Amino acid sequence: MSEKNNILEHLDPAAFRHAVSLQLRFNDIDVLGHVNNNAQLALFDVGKTEFYNTLRGTLADWSRVEAVIVNINCTFMQQIHFTDPMEVRTRVKKIGERSFVLQQILRNTDSGQICSMCESVMVSVDYASKESKPIPENIAGGLLKWM
């Protein structure tokens with residue numbers, strides 16, 4: 001079985017309960033007419049931002065950094081074209097003391113096809129000291145609701 005098929009076999013879109021509709025932009029498209037891989041990472045960031053706003057119950061305060069990405073892995077499985085209706089779906093895969101893992105998919109809303117999958121390791125940080133810190137209770141509690 002190919003790695004792509006193995007990944008798809010273990011991904012249930014219904015488990016990714018947080019969903020955000022996406023508007024693809026002209027500058028997301030590469031010379032081959034596909035959404036560029038780097039642009040897909042930016043689309044996953046849209047999903048992370050909206051997920052975090054939902055988690056906190058308020059808009060993120062960009063003057064205070066609460067968590068940073070320390071590792072990101074993306075698997076590209078299908079081409080995405082400019083006219084494809086897309087969404088990013090997010091779920092919490094794992095919660096640790098100082099870090100958590102978000103798993104996301106980019107999904108064509110017409111066909112239901114998963115086009116790419118991303119896992120991001122996020123670490124809770126104290127912005128002043130630039131050190132990791134335990135995940136605040138309100139954030140940890142919110143994360144648990146999305147597992």
Side-chain angles (χ1 to χ4, degrees), residues 3-25 27-29 34-147:
E3 181 178 348
K4 175 181 126 179
N5 288 337
N6 191 36
I7 290 170
L8 286 172
E9 187 175 295
H10 293 94
L11 293 179
D12 176 9
F16 294 77
R17 295 180 294 131
H18 189 272
V20 176
S21 294
L22 297 170
Q23 179 178 354
L24 299 178
R25 302 161 302 172
N27 63 328
D28 293 334
I29 307 304
H34 311 123
V35 174
N36 183 278
N37 293 356
N38 289 329
Q40 289 187 45
L41 292 174
L43 296 173
F44 284 121
D45 283 346
V46 169
K48 278 190 262 308
T49 300
E50 293 299 324
F51 174 78
Y52 211 74
N53 288 341
T54 300
L55 179 78
R56 296 180 81 245
T58 183
L59 295 178
D61 179 359
W62 298 111
S63 67
R64 282 188 26 219
V65 175
E66 295 177 339
V68 295
I69 299 170
V70 297
N71 183 278
I72 192 165
N73 293 294
C74 189
T75 303
F76 304 101
M77 294 172 270
Q78 296 293 326
Q79 298 174 16
I80 302 171
H81 296 94
F82 184 67
T83 57
D84 291 343
M86 299 300 297
E87 68 179 356
V88 58
R89 299 183 71 91
T90 304
R91 72 175 175 185
V92 177
K93 184 177 179 183
K94 180 181 176 183
I95 304 170
E97 180 186 337
R98 295 172 180 261
S99 66
F100 55 96
V101 178
L102 295 180
Q103 191 174 50
Q104 298 175 283
I105 56 174
L106 287 180
R107 182 175 169 267
N108 182 310
T109 57
D110 278 353
S111 69
Q113 187 169 45
I114 297 172
C115 298
S116 58
M117 190 271 297
C118 176
E119 282 192 10
S120 303
V121 178
M122 311 283 294
V123 172
S124 180
V125 294
D126 178 316
Y127 185 71
S129 69
K130 308 284 193 266
E131 298 288 329
S132 67
K133 67 176 185 176
I135 299 171
E137 285 184 31
N138 65 320
I139 300 298
L143 289 167
L144 281 170
K145 294 176 185 176
W146 290 95
M147 281 196 83

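From a predicted model like this one, the values you see are computed outputs, not experimental measurements.
- Side-chain contact check for Leu102 versus Val92: some heavy-atom pair is nearer than 4.5 Å.
- Between Gly142 and Leu55, the closest heavy-atom pair is C-CD1, 3.0 Å.
- Among residues two or more places apart in sequence or in another chain, the ring pair (Phe, Tyr, Trp, His ring centres under 6.0 Å) test is passed with Phe51 by His18, Trp146.
- For Arg89 against Ala19, the heavy-atom pair with the smallest separation is NH1-CB, 3.3 Å.
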Verdict with reasoning, Phe44 to Thr90, per side-chain contact (heavy atoms from CB on, under 4.5 Å): CA-CA 9 Å; Phe44 284 121; Thr90 304; over 6 Å; no
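- Counting only heavy atoms from C-beta outward, the side chains of Leu24 and Ile80 approach each other to under 4.5 Å.
- Asp84 is linked by a salt bridge (Lys or Arg N to Asp or Glu O under 4.0 Å) to nothing, counting only residues two or more places apart in sequence or in another chain.
- For residues 127-140, the set of pairs meeting the salt bridge (Lys or Arg N to Asp or Glu O under 4.0 Å) definition, not counting sequence neighbours, is empty.
- The side-chain contact (heavy atoms from CB on, under 4.5 Å) check on Ile72 picks up Leu41, Lys48, Ile69, Cys118, Ser120, with sequence neighbours excluded.
- Remark: Glu119 pairs with Lys93, Gln103 by the side-chain hydrogen bond (donor to acceptor under 3.5 Å, both in side chains) rule, at least two apart or across chains.
- Summarising the geometry, atom CG belonging to Leu143 is positioned 9.5 Å from atom CG belonging to Asn138; distances are rounded to the nearest 0.5 Å.
- Every pair passing salt bridge (Lys or Arg N to Asp or Glu O under 4.0 Å) that includes a residue from residues 100-109 is listed here, sequence neighbours excluded: Glu87-Arg107.
- Listed by chain and number, the residues in a side-chain hydrogen bond (donor to acceptor under 3.5 Å, both in side chains) with Asn73 are Asn71 (sequence neighbours excluded).
- Side chains of Ile29 and Val35 form a contact here, defined as non-hydrogen atoms less than 4.5 Å apart.
- Under the side chain to side chain donor-acceptor pair (under 3.5 Å) criterion, the residue pairs touching residues 36-45 are Gln40-Ser116, with sequence neighbours excluded.
- Under the rule for a ring pair (Phe, Tyr, Trp, His ring centres under 6.0 Å), the partners of His34 that lie at least two apart in sequence or sit in another chain are His81.
- Residues passing the side-chain hydrogen bond (donor to acceptor under 3.5 Å, both in side chains) test with Arg25 are Asp28, sequence neighbours excluded.
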Residues 94-101 side chain polar contacts: donor-acceptor under 3.5 Å, at least two apart:
unit_1: Arg98; atom_1: NH1; unit_2: Ser132; atom_2: O; d: 2.8
unit_1: Arg98; atom_1: NH1; unit_2: Ser132; atom_2: OG; d: 3.4

Residues Gln78, Ile114; criterion side-chain contact (heavy atoms from CB on, under 4.5 Å); working and verdict: CA-CA 7 Å; Gln78 296 293 326; Ile114 297 172; over 6 Å; no
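- Two residues are said to be in side-chain contact when any heavy atoms from C-beta on lie closer than 4.5 Å; Val88 and Phe16 fail this criterion.
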